[in-house]
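This report concerns only the one structure given below.
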Amino acid sequence: MTEHPVAPPSVWWGRYTLEEGLTGRWRVGALTLWAQRRPGEWRLAHASTNDPFDDEVASQVPSAEPIPSHGATLVRYAMKHTDRFLALEPALPDRPVVSRPDTPFYVLAGEEVRLFISTPVWVRVLAGARRLLEIPVYRPSDTWFGPSTREGEVCYDTRTSCRNELSQVPRRPHRAVAAVTIRNRTGDAVLVERLNLPVPYLAVYAAPGGGLWTQGVTLQMGGDGGSAELHIGKGAPAEAHGATLLTGPREDADRNILVRALSALIG
């Protein structure tokens, strides 16, 4: 895990040392987080502007700014002894994330395309080995994904587009980039208007420059046109050369190939 204070300016995750009686303050995009270590107690407070385009990153450990008495949500954790180490980790959302291309496009039969999708992350706070709090930097809006109102699932809407060029993806410190390859092995062109990425099965990696990534993902549409295989890579993609694992997936897949109905992944 990253040690501080030596880190690139965009890095907010890692392990911090907080002596008893002192407070730390972190700003991760729209989210401001405070942590105070007391005898037998941790106090955490958080507030968010819910602005997905806020890119500010800052950490003050210790901080001269106390936990605010108004305008923030305060949570207290009582324990016999408090550990002097506090860690912040990025975690992917607890639901699948739906992304949209700027303009819907067709993947022709026998062709493949590569997309880059950025997804918001949650901030996970641990004291020693104990997880205390997990909260989104900003909460994405809810959306329904499925062929009908009876068949499908509640997902998060990223409110940003998926791109076919990495240079077009805004690099934000509170978002992780997924490289997704779509292969069409059906006999017909397939229209892609929305893509449902099951991020609870993905891990978070940190590139040497500080950017966040997930494993590479390959979506292969089968010959019958009604099903698809989702292949989860064993590590970060080539574009994130030298990336290291930060956080494992929320859910463990039985294997690295998931079979889904095509309508559950592409709409």
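This is a predicted model, so every value here is computed, not measured.
Counting heavy atoms from C-beta on, the side chains of Ser48 and His46 never come closer than 4.5 Å. Proximity of Val204 to Thr214: side-chain heavy atoms (C-beta onward) are nowhere separated by under 4.5 Å. The side-chain heavy atoms of Leu212 and Arg175, taken from C-beta on, include no pair separated by under 4.5 Å. Side-chain contact between Val180 and Phe116 is absent, with no heavy atoms from C-beta onward closer than 4.5 Å. At a threshold of 4.5 Å between non-hydrogen side-chain atoms, the residues Val217 and His231 do not count as touching. Asp55 has its side chain out of reach of Phe53: every pair of non-hydrogen atoms, C-beta onward, lies at least 4.5 Å apart. Here the side chains of Glu111 and Asn184 are not in contact, with every heavy-atom distance at 4.5 Å or above. Counting only heavy atoms from C-beta outward, the side chains of Leu126 and Phe85 never approach each other to under 4.5 Å.
Contact check on Glu229 versus Arg183 returns no salt bridge, with no Lys/Arg side-chain nitrogen under 4.0 Å from an Asp/Glu carboxylate oxygen. A salt bridge links Glu41 with Arg76: the distance from a Lys NZ or Arg NE/NH1/NH2 to an Asp or Glu carboxylate oxygen falls below 4.0 Å. Looking at Glu134 and Arg250, a side-chain N of the basic residue comes within less than 4.0 Å of a carboxylate O on the acidic one, giving a salt bridge. By the 4.0 Å N-to-carboxylate-O rule, Asp157 lies close enough to Arg100 to be salt-bridged with it. A salt bridge does not link Arg172 to Asp54: none of the charged side-chain nitrogens sits closer than 4.0 Å to a carboxylate oxygen.
Using modelled atom types, one side-chain atom of Thr247 and one backbone atom of Pro90 make a donor-acceptor pair closer than 3.5 Å. In this structure, the side chain of Arg194 does not engage the main chain of Asn196 through any donor-acceptor pair within 3.5 Å. Side chain of Gln215 to main chain of Ala203: a donor-acceptor pair is present (N/O by atom type, distance under 3.5 Å, no hydrogens or angles). Judged purely by atom type and a 3.5 angstrom limit, Trp12 uses its side chain to pair as donor or acceptor with the backbone of Pro173. Side chain of Arg37 to backbone of Thr82: a donor-acceptor contact under 3.5 angstrom is found.
Taking every heavy atom of both residues into account, Thr158 and Pro120 meet most closely at CG2-CD, 4.5 Å. Residue Pro208 comes nearest to Ala243 through the heavy atom pair CD-N, 4.1 Å, listed as atom of the first residue, atom of the second, then distance. The two residues Glu89 and Trp13 come nearest to each other via the heavy atoms CA-CB, 4.4 Å. Heavy-atom minimum distance, Pro200 versus Pro93: CG-O, 3.9 Å. Taking every heavy atom of both residues into account, Ala47 and Gly71 meet most closely at CB-O, 3.5 Å. Taking both residues in full, the closest heavy atoms of Ala30 and Arg27 are given as C-NE, 4.4 Å, listed atom of the first, atom of the second, then distance.
Leu115 and Leu108 fall into different hydrophobic clusters, where Ile, Leu, Val, Met, Phe, Trp and Tyr residues are linked whenever their side-chain heavy atoms come under 4.5 Å apart, directly or through other members. Hydrophobic clustering of Ile, Leu, Val, Met, Phe, Trp and Tyr side chains at less than 4.5 Å, counting indirect connections, unites Val57 with Tyr16. Put simply, Tyr77 and Leu18 are part of the same group of oily side chains (I, L, V, M, F, W, Y) that touch within less than 4.5 Å, one to the next. The cluster map of Ile, Leu, Val, Met, Phe, Trp and Tyr, joined by side-chain heavy atoms under 4.5 Å apart, puts Leu44 and Ile67 in different clusters. There is a path of hydrophobic side-chain contacts, each under 4.5 Å, that joins Trp42 to Val75.
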Inset, instruction - Determine, stepwise, if the pair Arg114 / Thr181 fulfils side chain to side chain donor-acceptor pair (under 3.5 Å). - result: CA-CA 4 Å; Arg114 190 167 175 83; Thr181 300; 2.9 Å; yes
Legend entry - From CA spacing to verdict: side chain to side chain contact (heavy atoms under 4.5 Å, CB included), Ile117, Val177: CA-CA 5 Å; Ile117 301 171; Val177 178; over 6 Å; no
Inset, instruction - Show your reasoning for whether side chain to side chain contact (heavy atoms under 4.5 Å, CB included) applies to Val199 and Asp94. - result: CA-CA 8 Å; Val199 296; Asp94 54 356; over 6 Å; no
Legend entry - Derivation and outcome, salt bridge (charged side-chain N to carboxylate O under 4.0 Å, His left out), residues Arg95 and Asp142: CA-CA 10 Å; Arg95 296 180 192 163; Asp142 298 329; 2.7 Å; yes
Legend entry - Val137 and Val123: CA distance, side-chain angles, deciding distance, side chain to side chain contact (heavy atoms under 4.5 Å, CB included) verdict: CA-CA 7 Å; Val137 172; Val123 176; 3.8 Å; yes
Legend entry - Stepwise side chain to side chain donor-acceptor pair (under 3.5 Å) check, Ser63 with Arg25: CA-CA 6 Å; Ser63 173; Arg25 179 185 181 275; 5.6 Å; no
Inset, instruction - List the steps, then state whether side chain to side chain donor-acceptor pair (under 3.5 Å) holds for Asp188 with Thr186. - result: CA-CA 6 Å; Asp188 300 306; Thr186 71; 5.5 Å; no
Inset, instruction - Might you work through the side chain to side chain contact (heavy atoms under 4.5 Å, CB included) test for Trp26 and Trp34, ending with a clear yes or no? - result: CA-CA 6 Å; Trp26 295 264; Trp34 297 264; over 6 Å; no
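Separating the OG1 atom in Thr218 from the CD1 atom in Ile232 is a distance of 10.5 Å, to the nearest 0.5 Å. Rounding to the nearest 0.5 Å gives a distance of 7.0 Å between CG of Leu195 and OG of Ser99. The line from OG1 of Thr244 to CG of Leu246 is 5.5 Å long, rounded to the nearest 0.5 Å. Taken from CG in Asn164 to CG in Asp102, the straight-line distance is 8.5 Å, to the nearest 0.5 Å. Between atom CG of residue Leu31 and atom CG of residue Asp51 there is a gap of 12.5 Å, rounded to the nearest 0.5 Å. Separation of atoms OG1 (Thr73) and CD1 (Ile135) is listed at 7.0 Å; rounding is to 0.5 Å.
Ring centroids of Trp144 and Tyr156 are separated by 6.0 Å or more, keeping the two rings apart.
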